[in-house]
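Below, each value reflects all heavy atoms present in this structure, side chains not excepted, and no hydrogens, waters or symmetry copies. Protein chains get the first letters and strands the later ones, always in sequence-line order, with residue 1 at the start of each.
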Amino acid sequence: MKRYIQDLSTCIGEEVTLQGWVYNKRESKALIFLILRDGSGIVQCIIAQDDIGENSFAEVSSLGLESSVRITGKVVEDTRQHGGVELHVNAVEVIQNVADYPISKKEHGIEFLMDNRHLWLRSRRQWAIMRVRNTIIFAIHRFFQKEGFVQMDAPIFTGNACEGTTDLFETDFYGRPAYLSQSGQLYGEAMAMAMGKIYTFGPTFRSEKSKTRRHLSEFWMIEPEMAYYDIFDNMDLIEDFIKAVVQAVLAENKDELEILERDVEALEKACGEFIRLNYDDAVAIIKGEKDVDGKTTIETLKADIADREAEKSELEADIEERQALLDKGGMKKGKVAYHQSTIDKNKQRIKQIEEDLRNLPQWIESAENFKYGSDFGGSDETVLTRMFDVPVMVYDWPHAVKAFYLKRNPEHPEFARGVDLLAPEGYGEIVGGGERETNEEWLKEKIIEHELPMSEFEWYLDLRRFGSVPHAGFGLGLERLVAWICKLSHVRETIPFPRMYGRLEP
RNA sequence: GCCUCCAUAGCUCAGUUGGUUAGAGCGACGGACUGUUAAUCCGCAGGUCCCAGGUUCAAGUCCUGGUGGGGGCGCCA
């Protein structure tokens, strides 16, 4: 029977054989502490020379990181260890002895790690992120299946740019130009008319040359579409859905969130009632005309700048102090190394702060000069959501800045019934959706206005000719949701092999 | 596409107003140590200072142009 590390706490006292890789190793003359990982978890293995013999001990002693091994030993309770158990080894079978594994236990830069993504996935933090991603994916299916949705997927090859706005990846489809799908939504509408409630779950492609923490060229999107739903039904669903997913992660990934040093309390708070703002109210808050709990965005941003500047001078003083100690000399080697590494860390932090100090004034300017009627920029979203500790839904957008298929508010036709869900802690848009236009004539007008080829949309217009009903839906960017839940600084760590501007390998 | 910061050992970085033989930590390698948690300690090896021009008696350092990367904006999920 195959045994996995995650199950060891249930077999204390038993002898088991584990198959895995050497995650880390510490050794002394006749004792080796080998940290074994097998994909399900990690466990410390105690290998004593007396227990496995001189030859085997010498072989284990020579193992490099990520060597593959089969280890047999007795499971012993040890509360000092993370999983509460360790393995007292009596036999080690070496499958492969590895030399010079490129990723060490120390710090690495992002470019090096991305070049070694195929190996980086083995490290603890990446392992935790992928486990959370898996929980999220499963929770998404569980939620929709329980709510009576049917998964039906949209095609990936499309003959036209369905929204006509963004840059698409062009491919050759038997001699015809075809594009990789940037959204399955229009197809989702057709499928919802067949099934009532559907959701698509698949890859989506955008060829914008974006270089920010929230963009990928290839990402996974979940797009539910519901017949007989209006904008408010839609918002209720979004809220229930996001809460269900966050709660699943809180319940199932305690260890992973701890590895990621995620502030769990912030996630728990985010499961409170979501804020719903129409465009006008959201704009007033962004511009600093309206306060939230007695504070305006501009004040908050200025306070941020002051905090950063204070932190910077503190760090500079600390560096100077340590440098003076080092210059005086006569310090032990370990102490010298400690001070030097602290100085380096402080310098790194100062670099980050300086970057923030370059960006924050731009954000203030963008917020103060926000032009009523335009769409929110990345910084506007960040500025707005940092005022709340729950997600914010902004609805009823100026129709001119939103997609052609959104329904106009019948009472205020200058607004379209779109809704964006902005995640807290500065993460910004993770969901975009809305109620769809059902009036065939208005839709045609919009298609002409957006200079889209009418012939390509005949099938879409058919949906308004044959049993047209109010309907709504939304698209969720999986990687952005993972980034927020794990509190990562960039979406590139949320997908096994990210595809983005300048990154096609590995 | 625009703005901005950066590129020095396998990795992470330091390198002062341009000046002798370019440094540290980690990793690798050799050694010491029976309870370590990024173990520690001693020793040893390791360099096309991103590339191409230029200024200068002298360039890792200054200038110009590339290439690659980080962050932000636009666009978006």
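- Candidate nucleotides G72(B), G35(B), C75(B) were compared by shortest atom distance to the side chain of E86(A), and G35(B) ranks first.
- For H118(A) and F497(A), the ring centers are positioned 6.0 Å apart or more.
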- Query: With Watson-Crick and G-U wobble geometry limited to distances under 3.5 Å, how should the secondary structure of RNA chain B be encoded in dot-bracket form, using | for bases paired to another strand and [ ] for crossing pairs?
  - Reply: (((((((..((((.....[...))))..((((.......))))......(((((..]....))))))))))))....
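- Phosphate contact (OP1/OP2 of A39(B), side-chain N/O of N24(A), threshold under 4.0 Å): present.
- Distance from the side chain of Q362(A) is smallest for G72(B) among the nucleotides A77(B), G72(B), G71(B).
- Nucleotides G19(B) and A58(B) have their C1' atoms positioned 7 Å apart, rounded to a whole Å.
- Checking C73(B), G35(B), G72(B) against every side-chain atom of L31(A), the shortest atom distance belongs to G35(B).
- The side chain of R492(A) contributes no N or O atom lying less than 4.0 Å from OP1 or OP2 of G69(B).
- For the segment residues 422-435 of chain A, residues with any heavy atom less than 4.0 angstrom from an atom of RNA chain B are, sorted by number, E429(A), I430(A), V431(A), G432(A).
- Summarising the local packing, CG of N369(A) is surrounded by more than 12 heavy atoms from other residues, nucleotides or ligands at distances under 6.0 Å.
- Here, A59(B) and A52(B) have their P atoms 15 Å apart, quoted to the whole Å.
- The separation between E66(A) atom CD and G10(B) atom P is 22 Å, rounded to whole Å.
- An aromatic stacking contact between F33(A) and the base of G35(B) is absent, as defined here by ring centres under 5.5 Å apart and ring planes under 30° from parallel.
- Among the heavy atoms of the strands, none lies under 4.0 Å from D380(A).
- OP1 and OP2 of U36(B) both lie 4.0 Å or more from every side-chain N or O belonging to R26(A).
- Ring-to-base geometry places H215(A) in a stacked arrangement with C76(B) (centre distance under 5.5 Å, plane angle under 30°).
- With both ends at atom P, the span from A22(B) to A39(B) equals 33 Å, rounded to whole Å.
- Under 3.5 Å, the side chains of E225(A) and Q185(A) contain no donor-acceptor pair of N or O atoms.
- Both tests hold for K243(A) against F274(A): distance to the six-membered ring centre under 6.0 Å, angle to the ring axis within 45°.
- The residue among E111(A) and S217(A) whose nearest nucleotide of RNA chain B is located toward the 5' end is E111(A).
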